[in-house]
Amino acid sequence: MDHRLDRQFAALADPTRRAILARLAQGEATVGELARPFGISQPAISRHLKVLEAAGLIEGARAAQARPRRLKAEGLAEARAWIDGLASFWNDNFDRLDALLGQQEGPPA
């Protein structure tokens with residue numbers, strides 16, 4: 001689990017890869033379509049796509065000669081669960097702090 005999570009967060013650390021994921025959230029796209037807005041070469045985009053695929057965040061489809069990429073629905077589930085666990089920890093602590101502060105506040109003067 002940790003190894004896969006490490007790969008997901010490493011993939012998400014790069015702004016180009018996050019932008020690629022945002023583009024793929026709108027629908028599948030080929031390497032050429034993904035490269036166009038970035039002004040970088042198709043081989044560079046292909047390297048980013050390999051990182052995203054290895055992290056389980058996207059997958060390729062076969063469509064004639066093209067190989068469009070698309071988001072993998074379950075790809076971010078593990079990362080989201082980890083983040084949600086941290087959010088739960090902080091929410092619980094803030095709730096306890098609110099309760100403690102509420103006890104220390106006396107009746108209005």
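Throughout, residue positions are numbered sequentially from 1 according to the sequence presented.
- Between R69 and E28, none of the side-chain N atoms (NZ, or NE/NH1/NH2) sits under 4.0 Å from a carboxylate O, so this pair counts as no salt bridge.
- When every heavy atom of P37 is checked against every heavy atom of L34, the shortest pair comes out as CD-O, 3.4 Å.
- To the nearest 0.5 Å, atoms OG (S46) and CZ (R67) are separated by 9.5 Å.
- With a 6.0 Å radius and a threshold of 12 heavy atoms from other residues, nucleotides or ligands, R80 has its CZ atom at or below the threshold.
- H48 contributes atom NE2, which lies 13.5 Å from atom CD of E53 (distance to the nearest 0.5 angstrom).
- For the pair A55 and R7, the tightest heavy-atom approach, listed with the atom from each and the gap, is CB-O, 3.6 Å.
- Distance check: K72 NZ to I58 CD1 gives 10.0 Å after rounding to the nearest 0.5 Å.
- The CZ atom of R17 sits 10.5 Å away from atom CD1 of I45, with the distance rounded to the nearest 0.5 Å.
- Atom CG of L57 is separated from atom CZ of R70 by 14.5 Å, given to the nearest 0.5 angstrom.
- Here the straight-line distance linking atom CZ of F9 with atom CZ of R4 works out to 12.5 Å at 0.5 Å rounding.
- Remark: the backbone N or O of L76 is not paired with any side-chain donor or acceptor of Q8 at under 3.5 angstrom.
- Q42 approaches A35 most closely through the heavy-atom pair CG-CB, 4.1 Å.
- Residues L49 and L12 are members of one and the same hydrophobic cluster, defined by side-chain heavy-atom contacts under 4.5 angstrom among Ile, Leu, Val, Met, Phe, Trp and Tyr.
- V51 and L24 fall into different hydrophobic clusters, where Ile, Leu, Val, Met, Phe, Trp and Tyr are joined by side-chain heavy atoms under 4.5 Å apart, directly or via other members.
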